[in-house]
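All chains are named by letter (A, B, ...) in the order of the sequence lines, taking the proteins before the strands, and each is independently numbered beginning at 1.
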Amino acid sequence: MVTRAAAVTREVFGQTLLALGKENPDIVAVGGDLNVSTFAYLFGREFPARFFDLGPAEQNMMSIAAGLAFSGKIPFANTFAVFGTGRPYDQIRVGIAQTGANVKIIGSHSGITVGEDGVSAQAIEDIALMCALPGFHVIVPSDGPETAQAVRVAAKERGPFYLRLSRLATPVLHADGSSFRLGRAEVMRQGLDLTLIACGIMVAAALEAAETLARTGVQARVLNVATLQPLDREAILQAARETGAIVTAEEHYINGGLGSMVASVVAQGYPAPVEMVALHRYAESGAPAQLLAKYGLTAADVERAARRVMTRKGK
Amino acid sequence: MVSVTSDARGAQRSPSPVKASSHGTPTTPSPNYRQLREIARAVRRDILLSITEAGSGHPGGSLSEADILVALYWCVLRHDPRNPAWGDRDRLILSKGHACPGLYTVLAHRGYFPKADLSTFRKLGSHLQGHAKMGTPGVEMSSGSLGQGLSFGVGVALAGRLDGRSYRTYVLLGDGECDEGQVWEAAMSAAHYKVDTLTAIVDRNRIQNDRFTREVMELEPLDAKWRAFGWRVLEIDGHSFPALLRALRQAQETEGQPTVIIARTTKGKGVSFMENNPAFHGRAPTKEQLAQALGEVGFSRAEASAAMKELGFPEAKIAEWTGLMPEG
Ligand SMILES: Cc1ncc(C[n+]2csc(CCOP(=O)(O)OP(=O)(O)O)c2C)c(N)n1
């Protein structure tokens, strides 16, 4: 269901964390001087004693979060996606991933839609980094309701989580978040000619592309892969078997992201042509919409990839 | 041989860097204090214009660092705007890369690239990226991820020592940035290797991204921390040119250890509603706020119009924005 409504996923995170804080006194938050941007300040305002701003000191933040987690707390570590993944990577790797620490990392402002701030702030490698950590749950919600549900699931399930959120408002695709299942892909539109597999902001683009394709008689299935790890291999293989052609779409570098992982599953389980809509290089400063157009992440790009994959399927 | 401009030629380190005779050549005398203040005023104006035009950016820390950068680029650095790759140039590394509008404006005013580029800041296709990035003439390091510049500076300074070059390396840090552990790793290494050609300058404006530094993370006693890490520490008023130039000269004369200048500054300096206001760390002014700000920095409508013209703004926008300024 595509509505005209929009929500900012990082804001939904802040509101959900606040609600969770009221329900569970073990929920705590650590931040890196970006608590207004991540909306974690909503929690901090209500629960100052359970909120620790550590300043821009992300390595310290992650290890403190691990310490809190192994002492019975459920820490939400929040900052921009770049500063919550690559910057403190070994602290995450050894202290959180290898120990299975109950730490929830929230990376806001992911991808190129952070826009004008430029490449140092644009996380286009974070999915690869976090999916390279065995046992880490990696979630890329497609809209506000799914974000709310994912934050709740992260709080409830034990173990490390990474949630990748966006700066801008994204269209609301779900009536509520109840469709979100950890580790399960969601069929958002049925079709048998090909499958568009997307995550995050590219799910809306895939749905739009599917509409356009339908007008020319091509019925595309749309699969929303909100959980990148553990990946729903079965849904992907089913798509390969039933539709015989796949397009992946993600706001991430082409290596190590959704496309790479889908291709790996398909190659191992049921080979079918795959086209990937993803970033091929670092972008630059610019308005988010301009960047999406210049770097090939629009519904039209998904549609073009669909036409290419249909040609390959036909051969 | 590298070609050296008038700036670089008279570059003998002078005991009194502001004296025209000892720095630069007769054709480009070093400015006096009054002239430096005039330059800084124009720099503040253009920082405000470029951020307003971009619609986003970091005015607070750009305005707080402006006098430091003016002192460096007009009186201290040996540099050649026409040859940014000159091997013997002094290096200024902007570690607090979000405050690049300050650096870009100073570089443009020194002739590294046209002033008109300033109105392309943060726009698609511009070389003036939202955070400092190598590729812009005069930008020595890609920053924007806090805490990395001092380490980079240690590397640059160590290479200079290995090559027997006489250049000096300056690293401009934010105070909030000093929360990053890497700053202290760098500090320790610089003292260990006695990198006395390295000078760190901390823009001590007491505000970081969200709030005041003392609320987020107490830094004091900051001077004692640096001293304990083996640095010579000079603490000064970072908006006073005499103080800045004196401290920078003392840093040049220091042997056997690196020097840090803790420059006490005001975030948003020069614009009443930005001064000491965390809200203007990373937010552009509206055009109405710009109009007020330009007035406060001391520009008339006519002067602001002329400046906007130089920055490449279209006539209609010049009329619209300056029309919001008070008469006269
Ligand atoms: C590694 C890293 N973490 C977080 C940020 C986000 N951030 C940008 S500016 C800033 C505050 C910097 O404060 P300060 O160094 O005092 O800058 P100034 O006041 O001089 O502008 C933060 C946290 C960043 N750019 N890099």
Side-chain angles (χ1 to χ4, degrees), chain A residues 30-41 44-45 48 51-64 78-91 109 112 114-123 167 282-295, chain B residues 51 53-58 95-98 100-101 120-136 141-148 173-185 207-219 278-279 281-284:
Chain A
V30 292
D33 194 21
L34 287 167
N35 301 290
V36 178
S37 299
T38 64
F39 284 89
Y41 80 95
R45 207 168 50 186
F51 176 79
F52 306 97
D53 189 349
L54 301 160
E58 294 78 9
Q59 294 159 288
N60 186 40
M61 171 168 80
M62 291 305 172
S63 300
I64 285 179
N78 75 90
T79 179
F80 282 15
V82 274
F83 308 131
T85 58
R87 183 63 184 257
Y89 195 61
D90 204 50
Q91 283 74 10
H109 296 70
I112 58 172
V114 64
E116 290 84 352
D117 271 349
V119 288
S120 66
Q122 295 169 357
R167 174 187 158 213
Y282 282 116
E284 64 190 293
S285 290
Q290 288 178 325
L291 293 178
L292 291 172
K294 177 166 176 180
Y295 291 91
Chain B
I51 295 177
E53 172 64 10
S56 65
H58 298 80
S95 190
K96 40 174 271 187
H98 58 278
C100 53
T120 68
F121 174 51
R122 287 183 162 241
K123 291 183 183 166
L124 195 71
S126 173
H127 71 97
L128 299 181
Q129 293 289 291
H131 287 76
K133 186 162 175 279
M134 294 166 94
T136 299
M141 180 206 177
S142 290
S143 48
S145 186
L146 294 170
Q148 302 182 20
L173 299 157
D175 51 2
E177 181 177 18
C178 292
D179 292 355
E180 287 286 357
Q182 187 181 352
V183 171
W184 302 99
E185 296 173 27
I207 294 176
Q208 47 195 103
N209 193 89
D210 287 357
R211 292 175 291 158
F212 288 86
T213 53
R214 84 180 114 74
E215 297 172 315
V216 175
M217 191 56 56
E218 183 58 82
L219 288 163
H281 166 77
R283 183 199 298 164

Chemist: A side-chain contact here means heavy atoms from C-beta on lying under 4.5 Å apart; do B/Arg122 and A/Asp117 qualify?
Modeler: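 Result yes, sub-4.5 Å side-chain heavy-atom pair found.
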
Chemist: Report the option among B/Glu215, B/Glu177, B/Gln208 that has the most heavy-atom pairs separated by less than 4.5 Å from atoms of chain A.
Modeler: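 Ranked by contacts with chain A, first place is B/Gln208.
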
Chemist: Return the minimal non-hydrogen interatomic distance between B/Gln182 and A/Arg87, and the atom names on each side.
Modeler: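 It is OE1-NH2, 3.3 Å.
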
Chemist: Restricting to non-hydrogen atoms, name the atom on B/Gly144 and the atom on A/Ser120 that form the minimum distance, rounded to 0.1 Å.
Modeler: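 Looks like CA-OG, 3.6 Å.
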
Chemist: Name the region of B/Ser143, side chain, backbone, both or neither, that has any atom closer than 4.5 Å to a heavy atom of chain A.
Modeler: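 The backbone, not the side chain.
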
Chemist: OH of A/Tyr89: more than 12 outside heavy atoms within 6.0 angstrom?
Modeler: yes

Chemist: Could you give the distance from CG (A/Asp33) to CZ (B/Arg211), rounded to the nearest 0.5 Å?
Modeler: 8.0 Å

Chemist: Are A/Leu54 and B/Asp179 close enough that some pair of their side-chain heavy atoms sits under 4.5 Å apart?
Modeler: no

Chemist: Say you draw a straight line from OG of B/Ser126 to CD of A/Glu116; how long is it, rounded to the nearest 0.5 Å?
Modeler: 12.0 Å

Chemist: Examine whether an atom of B/His98 lies under 4.5 Å from a heavy atom of chain A, and if so say whether it belongs to the side chain, the backbone or both; otherwise answer neither.
Modeler: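 Neither part; nothing is under 4.5 Å.
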
Chemist: B/Ser56 versus chain A, heavy atoms under 4.5 Å apart: side chain, backbone, both or neither?
Modeler: side chain

Chemist: Give, for atom CG of B/Asp210 and atom OG of A/Ser37, the distance between the pair rounded to the nearest 0.5 Å.
Modeler: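 Between atom CG of B/Asp210 and atom OG of A/Ser37 there are 6.5 Å.
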
Chemist: So which atom in A/Gln290 and which in B/Leu124 form the shortest heavy-atom distance, rounded to 0.1 Å?
Modeler: OE1-CB, 3.6 Å

Chemist: Any chance you could measure B/Glu180, atom CD, to A/Gln59, atom CD, to the nearest 0.5 Å?
Modeler: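 The CD atom of A/Gln59 is 7.0 Å from CD of B/Glu180, to the nearest 0.5 Å.
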
Chemist: If you tally heavy-atom pairs under 4.5 Å against chain A, which of B/Gly55, B/Ala54, B/Gly125, B/Cys178 wins?
Modeler: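 Greatest number of close heavy-atom pairs with chain A: B/Gly125.
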
Chemist: For the CG atom of B/Asn209 and the CG atom of A/Leu34, what is their distance to the nearest 0.5 Å?
Modeler: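 Spacing of CG (B/Asn209) from CG (A/Leu34) equals 5.0 Å.
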
Chemist: With chain A as the partner, which of B/Lys133, B/His58, B/Gln148 has the greatest number of non-hydrogen pairs under 4.5 Å?
Modeler: B/Gln148

Chemist: May I ask you to name which of A/Gly32, A/Ala287, A/Pro56, A/Gly118 has the most heavy-atom pairs under 4.5 Å with chain B?
Modeler: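 Answer, by heavy-atom pair count under 4.5 Å with chain B: A/Pro56.
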
